[in-house]
Number of protein chains: 2
Amino acid sequence: MKSENIPAPAIRRLSLYLRQLEAFRKADRRTVSSKQLGEALKLTDAQVRKDLAYFGQFGHPGIGYRVEDLINQVKKILGTDKPCNISIVGAGHLGQALTGYRGFSKKGFQLVAVFDNDPNKINTSESADAIPIQPMTELAETVDRLEIRLAILCVPAEAAQQVADEMIKAGIRGILNFAPVSLAVPDGFPVAGVDLAVQLEQLSFRLGGGTTAEAI
Amino acid sequence: MKSENIPAPAIRRLSLYLRQLEAFRKADRRTVSSKQLGEALKLTDAQVRKDLAYFGQFGHPGIGYRVEDLINQVKKILGTDKPCNISIVGAGHLGQALTGYRGFSKKGFQLVAVFDNDPNKINTSESADAIPIQPMTELAETVDRLEIRLAILCVPAEAAQQVADEMIKAGIRGILNFAPVSLAVPDGFPVAGVDLAVQLEQLSFRLGGGTTAEAI
DNA sequence: GAATGTGAACTTTTTCACAGCG
DNA sequence: CGCTGTGAAAAAGTTCACATTC
């Protein structure tokens with residue numbers, strides 16, 4: 001575990017290792033080798049070993065990695081061993097679909113609030129386990145009260161920057177941005193972007209539509 | 001434009017350039033320099049120039065890049081200058097939310113079919129501009145008839161691999177996978193993955209939750 | 001024997017810095 | 001001038017190959 005020279009790609013792969021390890025666990029595998037883990041993710045065994053070794057010595061020569069142990073270690077590294085409260089901002093089609101997604105809590109992310117600025121969508125019923133939709137005016141107070149760390153931004157592109165500004169001012173610590181814009185945020189502020197069109201374009205390119213654009 | 005040594009990261013950034021260029025165009029900018037484009041995306045000017053130069057000579061010394069022209073060139077490179085038919089497979093919360101998303105067509109992707117295997121969701125009304133939900137049994141025939149190239153996979157994790165197999169057999173040429181699993185696909189088959197939990201984990205890590213996992 | 005962790009070699013990607021053009 | 005395109009240098013990331021451990 002070299003102190004502070006961990007390649008960003010290695011950190012991205014860490015999440016994939018975790019996901020694959022959980023799949024192996026579900027299949028009742030107790031141990032897994034770097035070769036097997038790599039095969040499932042289309043990576044080399046050396047890559048897997050090096051990535052994991054950045055963070056510690058988790059393997060056992062001759063055996064491989066113990067699935068259960070490694071899951072716990074990787075979660076600790078990612079900081080998802082402890083639950084983290086999140087919110088959704090923007091209750092349009094996508095926001096509401098994500099609100100209904102039950103997969104967050106399994107991964108340690110607890111959805112505790114949803115915000116929108118449309119008065120017709122507000123619904124502060126504290127009933128059942130349905131999460132109420134609150135007005136944007138309550139953002140700062142709620143972020144503070146419920147200790148919300150991350151927010152998923154699901155507003156239209158036109159509103160995204162302004163809403164992001166509000167979120168940061170309200171004390172949100174990281175943004176998962178679904179709006180198709182590059183957000184301007186303070187230096188080092190954590191943002192991850194998911195842009196459907198960008199992903200489709202990457203596929204389009206690989207379709208061989210990748211004309212090398214006969215120049216001039 | 002070196003024939004075939006284009007870095008994958010450069011290709012990923014191409015989509016971001018396009019998105020940013022369209023934002024500049026909306027703001028009535030006619031030209032943009034590599035410095036300005038880079039600033040908006042937190043990249044260096046050299047990076048922007050080198051990326052674009054892989055594909056041709058699009059810039060004008062002393063001037064920069066003409067926004068409109070560069071948009072057209074980048075679209076051509078990505079293959080999105082011509083429309084591409086896409087479909088959504090899995091009409092759950094997320095699939096239906098994406099079905100309602102109007103942003104695809106602006107980017108050259110035409111959503112022409114939605115599939116699900118739940119008989120209660122099927123709805124073959126050829127009415128209005130609402131896209132009917134077809135049964136999975138019609139997949140191959142429809143892919144062929146409507147010349148569908150790409151599919152967005154929105155089924156639960158447990159079903160994802162099997163449905164992906166069906167899609168590939170039906171002639172789909174690339175998959176945008178929203179299921180939280182690594183799909184096994186033929187070598188070189190284009191897959192892009194969007195896993196919400198993975199993105200949240202990356203943010204979690206950057207929150208400083210990144211315990212360096214004090215080993216042993 | 002099987003499989004890790006790791007320094008060293010190699011490859012890829014980014015940055016630098018500058019000639020050359022409008 | 002201002003700004004591109006690009007070789008050359010530097011940095012980052014990946015793969016190799018092997019000593020080492022169980």
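In what follows, chains carry the letters A, B, and so on, assigned in the order in which the sequence lines appear, proteins first and then strands, with residues in each chain numbered from 1. The figures that follow rest on heavy atoms only: side chains count, while hydrogens, waters and symmetry mates do not. In this text the structure is predicted, and so the values were computed from the model without any measurement.
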Before accepting this row, confirm whether a basic side-chain N of the pair [X]/[Y] lies closer than 4.0 Å to the acidic partner's carboxylate O.
| X | Y | result |
| --- | --- | --- |
| A/R145 | A/E141 | yes |
| B/D51 | B/R13 | yes |
| A/R25 | A/E68 | yes |
| B/E201 | A/K107 | yes |

Inset, instruction - With A/F178 as reference, evaluate A/L153, A/L94, A/V89 under the side-chain contact (heavy atoms from CB on, under 4.5 Å) test and give the passing residue. - result: A/L94

Inset, instruction - Give the rounded distance in Å between these two atoms: CG of A/D45 and P of C/dA3. - result: 10 Å

Inset, instruction - Let me know the distance between CD of B/E39 and P of D/dC3, rounded to the nearest Å. - result: 11 Å

For [X], I'd like to know if atom [atom1] has over 12 heavy atoms of other residues, nucleotides or ligands within 6.0 Å.
| X | atom1 | value |
| --- | --- | --- |
| B/H93 | NE2 | no |
| A/R149 | CZ | no |
| B/R29 | CZ | yes |

Please report, to 0.1 Å, the donor-acceptor pairs under 3.5 Å made by any side chain of residues 162-174 of chain B, with sequence neighbours excluded.
unit_1: B/Q162; atom_1: NE2; unit_2: B/E166; atom_2: OE2; d: 3.0
unit_1: B/D165; atom_1: OD1; unit_2: B/Q161; atom_2: NE2; d: 2.9

Name the pairs: protein N/O against N/O of nucleotides 12-19 of chain C, kept only if under 3.5 Å.
unit_1: C/dT14; atom_1: OP1; unit_2: B/R13; atom_2: NH1; d: 2.8
unit_1: C/dT14; atom_1: OP2; unit_2: B/R13; atom_2: NH2; d: 2.8
unit_1: C/dT14; atom_1: OP2; unit_2: B/Q47; atom_2: NE2; d: 3.4
unit_1: C/dT15; atom_1: OP2; unit_2: B/T44; atom_2: OG1; d: 3.3
unit_1: C/dT15; atom_1: OP2; unit_2: B/Q47; atom_2: OE1; d: 3.4
unit_1: C/dT15; atom_1: O4; unit_2: B/K50; atom_2: NZ; d: 3.4
unit_1: C/dA17; atom_1: N6; unit_2: B/R49; atom_2: NH2; d: 3.4

Legend entry - DNA chain D contacts made by residues 16-38 of chain B, counting heavy atoms under 4.0 Å: B/S33, B/S34

Legend entry - Contacting residues from residues 63-71 of chain B, given that a heavy atom lies under 4.0 angstrom of DNA chain D: B/I63, B/G64, B/Y65

Inset, instruction - Enter the inter-axis angle for the ends of the helix from C/dG1-D/dC22 to C/dG22-D/dC1 (five pairs per end, rounded to 10°). - result: 20°

Inset, instruction - Establish, with yes or no, whether the OP1 or OP2 oxygen of D/dT6 is under 4.0 angstrom from a side-chain nitrogen or oxygen of B/Q57. - result: yes

Inset, instruction - Just call it for B/G62: base, sugar-phosphate, or nothing, with non-hydrogen atoms closer than 4.0 Å on any strand. - result: base

Verify, without hydrogens or angle tests, whether [X] (side chain) and [Y] (backbone) share a donor-acceptor contact under 3.5 angstrom.
| X | Y | value |
| --- | --- | --- |
| B/N85 | B/L146 | yes |
| B/Q36 | B/S33 | yes |
| B/D69 | B/Q73 | no |

Legend entry - Where at least one partner belongs to residues 174-192 of chain B, residue pairs that pass salt bridge (Lys or Arg N to Asp or Glu O under 4.0 Å), sequence neighbours excluded: none

